[in-house]
Amino acid sequence: MWKTKEIAIPKGFNFKLTAKSHGWYDLAPFRFDDEAGVLFYVFTDERNGKAIEAKISCKGKRLLIDLDTSLPDANPIPDLVRHILRFDDSIGEFHTMAANDENLNWAATRGAGRLLRSPTVFEDMVKTLCTTNCSWSLTRKMVENLVAALGASSSSGSRSFPAAETLAAKDEKFYREVVRAGYRSSYFVEMTEKVAAGTIDPEKWLDPEIPLEELRKEIKSIKGFGEYAVDNLMKLIGRYDGLALDSWLRAQFYGKHNRGRKCSDKTIEKKYKRYGKWKGLAIWCDMTSDWHDPS
DNA sequence: GCGTCCAGGTCTACC
DNA sequence: GGTAGACCTGGACGC
């Protein structure tokens, strides 16, 4: 039995631009149906550990959340949806700056800049580690393997993202042979054990009061998190100070702003310096301006 | 089908 | 602080 919940969207919110803001919509348990304009996600019901599939779509000024189960009115899923779509993010300052930039005014006009994220920082950590040093197809495969092997099953058979404790119970052999994580396997073991044991608490990183450098240092101390991975995770947390430069982003920059010729990372930094704490969002919106159809 | 080469980001050892 | 090499996988390519 499906049950629909409705919530009001914030002013200037663009559902499709947010859902497809970066590749996360393509990683399990997310899925996006372009034709229908529906974002799918499989949540975990904290009460019993069962999976709940949600279909999220937008109708006028309302967001519709269709759940494949009947839940009590006080269920947490609408709040989690607000979190993943970043309803409460205040990016007006970024839009004000972008409005005066010929490369970025599209973002201000159309309401881009909210980057889709997972319900937990932990899930974003795992996925970020899966993006390091490999093709996108391998990233998809690793996440898929993880969810298929350890996720809880919904009534329709789709699977949710496993909890840290579930991942921590697995050894390096599992990550190597089932997830196909290769040399990253030992990083997964170390990271998930630390989270499950409470040695690190990723959810606390959402606190905007944590000093930037302190946060950066803590994430950087985790094996497998270098410059790119730290910046990427921090963007998802809501800190856009780092550019999260990877080979794709660099190549895009060379093509758009340097006549296809390579240049140093410092030159790239210089281009977005005026955006200050928003520069990570600025380069991302600049480099993805041709991703989205005008509708 | 098989073998080889390459891209990708981070870590570690070394200078 | 900077650099080189190793790590591992999937995809592209040539045979």
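Lettering of chains follows the sequences in order, A, B, ..., and the numbering in each one begins at 1.
Residues passing the side chain to side chain donor-acceptor pair (under 3.5 Å) test with A/S221: none are found, sequence neighbours excluded. Under the side chain to side chain contact (heavy atoms under 4.5 Å, CB included) criterion, A/V121 pairs with A/P202, A/E203, A/W205, A/L206, A/L233, A/I237, not counting sequence neighbours. With sequence neighbours excluded, no residue forms a side chain to side chain donor-acceptor pair (under 3.5 Å) with A/T18.
Other cluster members for A/V38: A/F40, joined by side-chain heavy-atom distances under 4.5 Å among Ile, Leu, Val, Met, Phe, Trp and Tyr.
Applying the salt bridge (Lys or Arg N to Asp or Glu O under 4.0 Å) rule to pairs touching residues 129-146 of chain A yields A/D26-A/R140, sequence neighbours excluded.
Scanning residues 253-271 of chain A for heavy-atom distances under 4.0 Å to DNA chain C yields an empty list. If you check residues 131-148 of chain A against DNA chain C, the residues with a heavy atom closer than 4.0 Å are A/S137, A/L138, listed by number. A heavy-atom distance below 4.0 Å to DNA chain C is reached by these residues of residues 174-187 of chain A, ordered by number: A/R176, A/R180, A/G182, A/Y183. Taken residue by residue, residues 217-246 of chain A places heavy atoms nearer than 4.0 Å to DNA chain B at A/I222, A/K223, A/G224, A/F225, A/G226, A/E227, A/Y228, A/A229, A/D246.
Annotation: A/F30 is in aromatic contact with A/Y41 [ring centroid separation under 6.0 Å].
A salt bridge is defined here as a Lys NZ or Arg NE, NH1 or NH2 lying under 4.0 Å from an Asp or Glu carboxylate O, and A/R216 with A/D231 meets this definition. A salt bridge links A/K256 to A/D286: one of the charged nitrogens lies within less than 4.0 Å of a carboxylate oxygen. A/E269 and A/K273 are not joined by a salt bridge, as no carboxylate oxygen comes within less than 4.0 angstrom of a charged side-chain nitrogen. With respect to the salt-bridge test (charged N to carboxylate O, under 4.0 angstrom), the residues A/E123 and A/K127 qualify. The existence of a salt bridge linking A/D265 and A/R250 is confirmed by a sub-4.0 Å separation between a basic side-chain nitrogen and an acidic carboxylate oxygen. A salt bridge between A/K59 and A/E6 is absent, with no side-chain N of the basic residue lying under 4.0 Å from a carboxylate O of the acidic one.
Using a 30° and 60° split on the angle between ring planes, A/F122 and A/F161 fall in the perpendicular class, above 60°. Aromatic ring pairs are classed by plane angle as parallel below 30°, tilted from 30° to 60° and perpendicular above 60°; the pair A/Y272 and A/Y275 is tilted. Between A/F32 and A/F15, the ring planes lie tilted relative to each other; the angle falls in the 30° to 60° range.
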message: Before you tell me yes or no, could you show the steps for A/S156 and A/E53 under side chain to side chain donor-acceptor pair (under 3.5 Å), namely the whole-Å CA-CA distance, both residues' side-chain angles and the distance that decides it to 0.1 Å?
response: CA-CA 8 Å; A/S156 62; A/E53 182 163 11; 2.7 Å; yes

field: A/K16 and A/D34: CA distance, side-chain angles, deciding distance, salt bridge (charged side-chain N to carboxylate O under 4.0 Å, His left out) verdict
entry: CA-CA 9 Å; A/K16 203 170 175 184; A/D34 237 326; 3.3 Å; yes

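When the local axes at the two ends of the helix from B/dG1-C/dC15 to B/dC15-C/dG1 are compared, using 5 base pairs at each end, they differ in direction by 30° after rounding to 10°.
Taking the centre and axis of the six-membered ring of A/F225, the NZ or CZ atom of A/K220 falls outside the cone set by 45° and 6.0 Å.
Of all nucleotides in DNA chain B, those with any atom nearer than 4.0 Å to a heavy atom of chain A start and finish, going 5' to 3', at B/dG8 to B/dT12. Where DNA chain C meets chain A (any atom under 4.0 Å from a heavy atom), the bounding nucleotides read 5' to 3' are C/dC7 to C/dG11.
Side-chain N/O atoms of A/T131 and A/Y228 include a donor and acceptor closer than 3.5 Å.
A donor-acceptor pair under 3.5 Å links the side-chain atoms of A/N48 to the main chain of A/K50, judged by distance alone.
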